[in-house]
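Letters A, B, ... mirror the listed sequences (proteins, then strands); counts begin at 1. Only heavy atoms go into these numbers, but all of them, side chains included; no hydrogens, no water, no symmetry mates.
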There are 2 protein chains.
Amino acid sequence: MKKQTIPQISEQIAAPLTAIASPQRIAILLAIGTGEACVCHLETALGWRQAYISQHLMALRKADILQDRREGRYVFYRLKHASLLDLITASARLSGLSAETVSALINTRVNPSCECPQCSPALISVESLKAA
Amino acid sequence: MKKQTIPQISEQIAAPLTAIASPQRIAILLAIGTGEACVCHLETALGWRQAYISQHLMALRKADILQDRREGRYVFYRLKHASLLDLITASARLSGLSAETVSALINTRVNPSCECPQCSPALISVESLKAA
DNA sequence: ATAATATATTCAGAATTACGAATATGAAAA
DNA sequence: TTTTCATATTCGTAATTCTGAATATATTAT
């Protein structure tokens with residue numbers, strides 16, 4: 001176990017916070033929630049430009065907050081540590097928001113099979129195969 | 001109960017995080033801990049300029065993170081919500097730090113009667129009065 | 001190959017924040 | 001009232017971050 005200075009430790013503690021401390025990043029993390037989301041899903045869910053979302057995702061990945069998984073031409077993102085949602089909820093409580101208000105916003109689907117216009121055709125074809 | 005948009009809620013959730021998301025602010029909050037600290041105490045504890053510390057304290061006060069209490073010419077700061085330390089510990093855990101590493105840094109004295117050069121004379125006089 | 005779609009990256013200017021220097025305020029002591 | 005000590009505030013610039021425009025890459029379909 002290495003000896004660490006207080007500035008070093010404070011730096012380490014602050015790192016995840018600086019990565020997520022913005023309304024945009026919080027919105028993205030809630031939209032991913034305990035499930036998984038591709039970029040195009042976030043695009044329609046949040047109504048932002050694709051490049052803008054990718055930039056935030058990149059930052060969150062570098063900060064070791066998010067994990068990515070490629071499946072065909074889709075890339076699915078998920079939280080690396082589910083406890084991050086507790087941290088977000090804790091911050092919400094400090095702002096006077098109820099835990100319910102937050103949990104109502106958290107996406108819970110493990111594999112959402114993206115509902116957005118671009119992704120839903122894939123979902124439909126899977127369903128139609130099952131029915132056949 | 002008012003209806004709130006997702007951007008509004010994300011903004012509210014992010015507010016406390018943006019206020020504390022910096023190594024300096026984390027160091028200050030740990031130095032205050034569950035106790036109380038005057039500015040001159042933080043000055044020696046952290047080794048920073050007084051004005052610099054005051055600036056951070058001001059920001060934390062505006063963000064409703066800290067509470068201040070004047071006693072003579074000293075101003076003592078304390079956390080408004082002790083749960084903030086849990087949030088800090090949670091962030092530390094995300095960085096791979098143990099909860100013990102963090103708790104070892106947290107000031108626990110309720111009224112530290114500041115040990116720094118400027119404050120300790122006051123402490124000594126109180127002690128000497130008791131002895132008399 | 002070429003085209004189309006999903007996502008990533010680079011770049012630049014705007015906006016914000018960090019931090020130091022200087023100075024102001026407020027309480028108490030002389 | 002003047003001085004002193006503790007703390008607060010203002011101001012200016014350096015550094016960082018945000019965000020949009022443009023473009024690149026990777027995968028699948030044709």
> Between C:dA21, D:dT10, D:dA26, which nucleotide gets closest to the side-chain atoms of B:M58?
Replying inline: D:dT10
>> Can you measure A:D68 atom CG to C:dA6 atom P for me and round it to whole angstrom units?
In response: 18 Å
>> Once you measure the plane-to-plane angle for B:H56 and B:Y52, does it fall in the parallel (<30°), tilted (30-60°) or perpendicular (>60°) bin?
In response: perpendicular
> Which whole-number value in Å describes the distance from A:R70 CZ to C:dT5 P?
Replying inline: 16 Å
> In whole angstroms, how far is the P atom of D:dT19 from the CD1 atom of A:I53?
Replying inline: 13 Å
> Taking atom CD of B:Q55 as the centre, does the number of heavy atoms from other residues, nucleotides or ligands within less than 6.0 Å exceed 12?
Replying inline: yes
>> Rounding to an integer number of Å, can you tell me how far B:L60 CG sits from C:dA18 P?
In response: 11 Å
>> Rounded to whole Å, how long is the line connecting atom CZ of A:R69 with atom P of D:dT27?
In response: 15 Å
> Donor-acceptor pair under 3.5 Å: do we get one between B:Q55's side chain and the base of C:dA18?
Replying inline: no
>> For C:dG20 and B:Y52 - does any side-chain N or O of the residue sit under 4.0 Å from the phosphate oxygens OP1/OP2?
In response: no
> Touch check for B:Y77, heavy atoms < 4.0 angstrom, all strands: base, sugar-phosphate only, or nothing?
Replying inline: sugar-phosphate
>> I want to verify a distance call: between D:dA22, D:dC5, D:dA8, whose nearest atom is closest to the B:V75 side chain?
In response: D:dA8
> Can you tell me how far CG of B:L57 sits from OH of B:Y77, rounded to the nearest 0.5 angstrom?
Replying inline: 5.0 Å
> Between C:dT7, D:dG20, C:dA8, which nucleotide gets closest to the side-chain atoms of A:L57?
Replying inline: C:dA8
> Whole-Å distance between D:dT23 C1' and A:R49 CZ?
Replying inline: 13 Å
> For A:H41 and C:dT7, what is the distance between atoms NE2 and C1' respectively, to the nearest whole Å?
Replying inline: 16 Å
> Thinking salt bridges, do B:E36 and B:R69 make one under a 4.0 Å N-O criterion?
Replying inline: yes
>> Can you see if the side chain of A:Y74 gets near the phosphate of C:dA6 - specifically, an N or O under 4.0 Å from OP1 or OP2?
In response: yes
>> With nearest nucleotide decided by heavy atoms, which residue, A:S22 or A:G72, maps closer to the 5′ end of DNA chain D?
In response: A:S22
>> So if I take every side-chain heavy atom of B:R73 and compare against C:dA8, C:dA4, C:dA27, which nucleotide ends up nearest?
In response: C:dA27
>> For B:L30 and A:I9: C-alpha separation, side-chain torsions, deciding distance, then whether side chain to side chain contact (heavy atoms under 4.5 Å, CB included) applies.
In response: CA-CA 11 Å; B:L30 290 175; A:I9 293 181; 5.5 Å; no
> Tell me: NZ of B:K62 to P of C:dT17, nearest whole Å?
Replying inline: 12 Å
